[in-house]
Amino acid sequence: MSRFDELFNAAKKVPAPETEPTKSTKLSKSKDPNYIRTTVYLPKELHRQLKSVAVSDEQEMSQIVEESLAQYLKSRSTHLDI
(Lines give C-alpha, C1' and ligand atoms only; values in the text may rest on other atoms or scores of the structure.)
Protein backbone atom coordinates (compact mmCIF):
# COMPACT_ATOMS: atom_id res chain seq x y z
CA MET A 1 0.00 0.00 0.00
CA SER A 2 1.41 3.39 -0.96
CA ARG A 3 1.83 6.28 1.44
CA PHE A 4 -0.90 8.11 -0.52
CA ASP A 5 -3.33 5.23 0.11
CA GLU A 6 -2.51 5.27 3.81
CA LEU A 7 -3.11 9.01 4.03
CA PHE A 8 -6.23 8.76 1.91
CA ASN A 9 -7.69 6.03 4.13
CA ALA A 10 -6.78 7.98 7.24
CA ALA A 11 -8.50 11.08 5.85
CA LYS A 12 -11.63 9.07 5.12
CA LYS A 13 -11.33 7.36 8.51
CA VAL A 14 -11.65 4.02 6.79
CA PRO A 15 -9.43 1.22 8.01
CA ALA A 16 -6.82 0.18 5.50
CA PRO A 17 -7.76 -3.06 3.75
CA GLU A 18 -5.69 -6.11 4.45
CA THR A 19 -3.41 -6.56 1.52
CA GLU A 20 -2.26 -9.77 -0.01
CA PRO A 21 0.74 -10.03 -2.30
CA THR A 22 -0.31 -9.67 -5.91
CA LYS A 23 1.50 -10.05 -9.19
CA SER A 24 0.84 -6.57 -10.48
CA THR A 25 2.69 -5.66 -13.66
CA LYS A 26 1.84 -1.95 -13.43
CA LEU A 27 4.81 0.15 -12.41
CA SER A 28 4.45 2.95 -9.92
CA LYS A 29 5.06 6.37 -11.42
CA SER A 30 8.36 6.59 -9.53
CA LYS A 31 9.59 3.47 -11.35
CA ASP A 32 7.87 4.08 -14.70
CA PRO A 33 10.38 5.44 -17.28
CA ASN A 34 7.54 7.35 -18.98
CA TYR A 35 7.24 9.64 -15.96
CA ILE A 36 9.58 12.23 -14.54
CA ARG A 37 9.40 13.82 -11.12
CA THR A 38 9.27 17.58 -11.00
CA THR A 39 8.73 20.25 -8.39
CA VAL A 40 6.28 23.12 -8.58
CA TYR A 41 5.47 25.77 -6.04
CA LEU A 42 1.80 26.37 -5.30
CA PRO A 43 0.15 28.81 -2.95
CA LYS A 44 -0.89 27.03 0.26
CA GLU A 45 -4.59 27.60 -0.39
CA LEU A 46 -4.39 26.19 -3.92
CA HIS A 47 -2.54 23.12 -2.62
CA ARG A 48 -5.18 22.65 0.10
CA GLN A 49 -7.96 22.83 -2.50
CA LEU A 50 -6.16 20.40 -4.81
CA LYS A 51 -5.64 17.92 -1.98
CA SER A 52 -9.29 18.20 -0.94
CA VAL A 53 -10.54 17.58 -4.49
CA ALA A 54 -8.15 14.64 -4.89
CA VAL A 55 -9.50 13.00 -1.75
CA SER A 56 -13.15 13.63 -2.63
CA ASP A 57 -12.64 12.38 -6.22
CA GLU A 58 -10.48 9.45 -5.09
CA GLN A 59 -7.65 10.52 -7.42
CA GLU A 60 -4.00 11.28 -6.96
CA MET A 61 -3.09 14.95 -6.98
CA SER A 62 -0.55 14.24 -9.71
CA GLN A 63 -3.29 12.82 -11.94
CA ILE A 64 -5.39 15.97 -11.55
CA VAL A 65 -2.37 18.16 -12.28
CA GLU A 66 -1.41 16.01 -15.29
CA GLU A 67 -4.91 16.22 -16.79
CA SER A 68 -5.19 19.96 -16.11
CA LEU A 69 -1.78 20.71 -17.60
CA ALA A 70 -2.48 18.58 -20.68
CA GLN A 71 -5.75 20.44 -21.22
CA TYR A 72 -4.01 23.81 -20.78
CA LEU A 73 -1.23 22.92 -23.23
CA LYS A 74 -3.77 21.64 -25.75
CA SER A 75 -5.68 24.94 -25.56
CA ARG A 76 -2.41 26.88 -25.98
CA SER A 77 -1.38 24.84 -29.01
CA THR A 78 -4.67 25.57 -30.79
CA HIS A 79 -4.15 29.29 -30.16
CA LEU A 80 -0.54 29.23 -31.30
CA ASP A 81 -1.00 26.70 -34.13
CA ILE A 82 1.86 24.55 -32.80
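For clarity, every value in this text was computed on a predicted model and none was experimentally measured.
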Q: Report the distance from atom CD of Gln49 to atom CG of Leu42, rounding to the nearest 0.5 Å.
A: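 If I round to the nearest 0.5 Å, the distance is 11.0 Å.
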
Q: Which heavy atom in Lys51 sits nearest to a heavy atom in Met61, and how many Å separate them?
A: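 For Lys51 and Met61, the tightest heavy-atom pair comes out as CA-SD, 3.5 Å.
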
Q: For Ser30, give me all partners under side chain to side chain contact (heavy atoms under 4.5 Å, CB included), at least two apart in sequence or on another chain.
A: Ser28

Q: Give every residue pair that meets the salt bridge (charged side-chain N to carboxylate O under 4.0 Å, His left out) criterion with at least one member in residues 38-48, sequence neighbours excluded.
A: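 Every salt bridge (charged side-chain N to carboxylate O under 4.0 Å, His left out) pair that includes a residue of residues 38-48, provided the two are not neighbours, is Glu45-Arg48.
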
Q: Run the side chain to side chain contact (heavy atoms under 4.5 Å, CB included) test against Ile36 and tell me which residues pass, sequence neighbours left out.
A: none

Q: Taking only residues two or more places apart in sequence, or in another chain, which ones meet Lys29 in a side chain to side chain contact (heavy atoms under 4.5 Å, CB included)?
A: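 Here the qualifying residues are Tyr35, Glu60, Ser62, Gln63, Glu66.
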
Q: Would you say the side chain of Leu46 lies within less than 4.5 Å of the side chain of Leu50, judging by non-hydrogen atoms?
A: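 Leu50 vs Leu46: side chains apart.
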
Q: Could you go through residues 52-59 and list every donor-acceptor pair under 3.5 Å that involves a side-chain atom there, pairing it with any protein atom two or more places apart or in another chain?
A:
unit_1, atom_1, unit_2, atom_2, d
Ser56, OG, Ser52, O, 3.3
Ser56, OG, Val53, O, 3.1
Glu58, OE2, Lys12, NZ, 3.3

Q: Taking only residues two or more places apart in sequence or in another chain, which ones pass side chain to side chain contact (heavy atoms under 4.5 Å, CB included) with Thr38?
A: none

